[in-house]
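Letters go in sequence order (proteins before strands), and every chain restarts at 1. All values below come from the heavy atoms of this structure, side chains included, with hydrogens, waters and symmetry mates left out.
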Number of protein chains: 2
Amino acid sequence: MEDTPKRVTRRRAATRARLLEAAFEVFAARGFGRVSIEEICEAAGFSRGAFYSNFATLDELFFALYQERADLIASQVAEALAQDGPGLDVPASVDRVTEVLLLDVDWLLVKSDFLVHAARDPEVARALLEHRARLREAIADRLRRARGHTELPAVLGDAQGAAHAVVAAYDGVTVQLLLDRDVEAARAWLGRLLTALLTDGSRILA
Amino acid sequence: MEDTPKRVTRRRAATRARLLEAAFEVFAARGFGRVSIEEICEAAGFSRGAFYSNFATLDELFFALYQERADLIASQVAEALAQDGPGLDVPASVDRVTEVLLLDVDWLLVKSDFLVHAARDPEVARALLEHRARLREAIADRLRRARGHTELPAVLGDAQGAAHAVVAAYDGVTVQLLLDRDVEAARAWLGRLLTALLTDGSRILA
DNA sequence: CCCTTCGGATACATGAACGTATCCGATACA
DNA sequence: TGTATCGGATACGTTCATGTATCCGAAGGG
């Protein structure tokens with residue numbers, strides 16, 4: 001079905017990368033809905049021919065862009081979680097993860113665009129859901145690893161449930177951050193929310 | 001600066017309303033970014049002339065639409081919160097509010113579009129922030145009224161802080177709902193999150 | 001060193017959306 | 001009932017993005 005002509009791959013990979021990078025900037029600045037193909041090509045220093053040689057449609061580029069960055073973030077989170085021992089030091093872990101997740105407002109902007117895009121395209125939604133599931137699983141693993149050292153509130157159920165709550169808190173804080181652009185406040189809030197969720201309210205921060 | 005010719009107001013109000021209603025449906029179905037003015041007019045059964053007679057731009061219509069619906073929701077939430085006595089019955093309150101907030105997926109879709117729109121337009125962002133502040137204040141009032149009957153976890157600070165957390169939880173659950181479209185699951189999750197946040201984890205659901 | 005193949009540029013045709021300017025019917029008021 | 005004004009429809013010109021078809025230069029193989 002698909003012929004894979006794998007010659008001359010160097011130049012091609014470079015322009016593809018430049019296109020993706022330029023697309024990220026343009027999407028972040030103007031929003032997916034308002035961006036034209038030409039605009040991206042211009043920002044990347046290419047003509048539209050280059051675009052159509054690498055992508056069939058703007059949606060396809062957007063999808064590729066999201067996957068690239070999302071995988072990057074996911075691995076960074078996993079790394080941040082793996083960084084301390086079996087005992088879960090909640091404040092420290094939260095700080096490190098928060099640092100990764102709320103580092104780049106531009107990424108949050110693009111991610112939100114991708115969300116509303118996915119909300120109307122089942123295929124895209126599936127991909128996003130899978131990605132979120134992977135992230136939740138990483139968090140749940142970490143929480144499970146901490147069992148016995150730290151106990152979770154019962155309301156959330158198992159580690160899987162707690163991970164779900166963590167992601168929800170992250171998403172919730174993101175919304176406010178997109179509006180007020182106050183990264184520090186968002187970090188603080190996410191920290192407070194996560195400690196409230198992951199620890200026994202009566203026991204922490206006496 | 002502005003002349004306000006207030007004659008013949010009946011027909012005008014009706015077409016404006018029909019335009020807004022049609023816009024809501026079209027926005028929900030296709031997303032703000034993909035919608036043309038003509039599309040809305042078609043759905044409303046009007047020509048573009050009618051649109052330009054009532055709104056200067058699509059952004060203006062979107063803004064009006066959001067305000068209309070958001071005010072409606074806000075009053076419904078306030079009503080749901082006022083419904084029980086001074087003692088805060090967390091599960092019952094949460095159920096009622098949840099019912100209102102997670103009733104209409106279409107509204108959540110439109111709201112998300114508006115969010116990413118606002119995230120890039122400071123003017124719009126201000127309006128949205130004010131609206132969120134009003135909603136938070138209503139919740140905080142309710143929580144304060146319950147002081148002495150139910151105590152809040154200390155991590156979140158005062159009632160204002162707790163209200164902030166409630167909104168964050170709502171936003172977080174919304175994101176997942178937009179992807180999996182499972183309203184019941186979302187309601188259940190929001191309930192669990194809110195009870196986890198608003199009550200002492202060790203004390204509830206023994 | 002040629003020459004085949006590939007990648008990106010250029011040129012072109014098409015269609016869609018926009019905003020305006022003008023027209024006609026309807027409505028409110030005398 | 002007449003009439004002035006208002007609201008929405010129609011018609012028009014223009015801009016802009018898209019996708020394709022073709023061309024040229026450059027990289028890589030023999």
To the nearest Å, how far apart are [X] [atom1] and [N] [atom2]?
| X | N | atom1 | atom2 | result |
| --- | --- | --- | --- | --- |
| B/Phe55 | C/dC18 | CZ | C1' | 17 Å |
| A/Arg11 | C/dT5 | CZ | P | 16 Å |
| B/Asp59 | C/dG19 | CG | C1' | 15 Å |

Are any of [X]'s side-chain N or O atoms less than 4.0 Å away from OP1 or OP2 of [N]?
| X | N | answer |
| --- | --- | --- |
| B/Arg48 | D/dA11 | no |
| B/Thr15 | D/dG8 | yes |
| A/Arg12 | C/dG8 | yes |
| B/Arg10 | C/dA28 | yes |
| A/Asn54 | C/dG8 | yes |

Please check this pair: side chain of B/Arg30 against backbone of B/Val35, looking for a donor-acceptor N/O pair closer than 3.5 Å. no
Whether A/Asp121 side chain and A/His117 backbone form a donor-acceptor pair below 3.5 Å: no
Sidechain N-carboxylate O distance under 4.0 Å for B/Arg132, A/Asp180: no
Sorted by number, the residues of residues 33-47 of chain A with heavy-atom contact under 4.0 Å to DNA chain D: A/Ser36, A/Ile37, A/Glu38
By nearest-heavy-atom nucleotide on DNA chain D, the more 5' of A/Phe51 and B/Arg16 is B/Arg16
Can you name the one residue among B/Phe24, B/Tyr66, B/Trp107 that meets ring-ring contact (aromatic ring centres under 6.0 Å, His included) with B/Phe114? B/Tyr66
Residues B/Val166 and B/Leu198: closest non-hydrogen pair is CG2-CD2, 4.0 Å
Parallel, tilted or perpendicular: which fits the ring planes of B/Phe27 and B/Phe32, with parallel below 30° and perpendicular above 60°? perpendicular
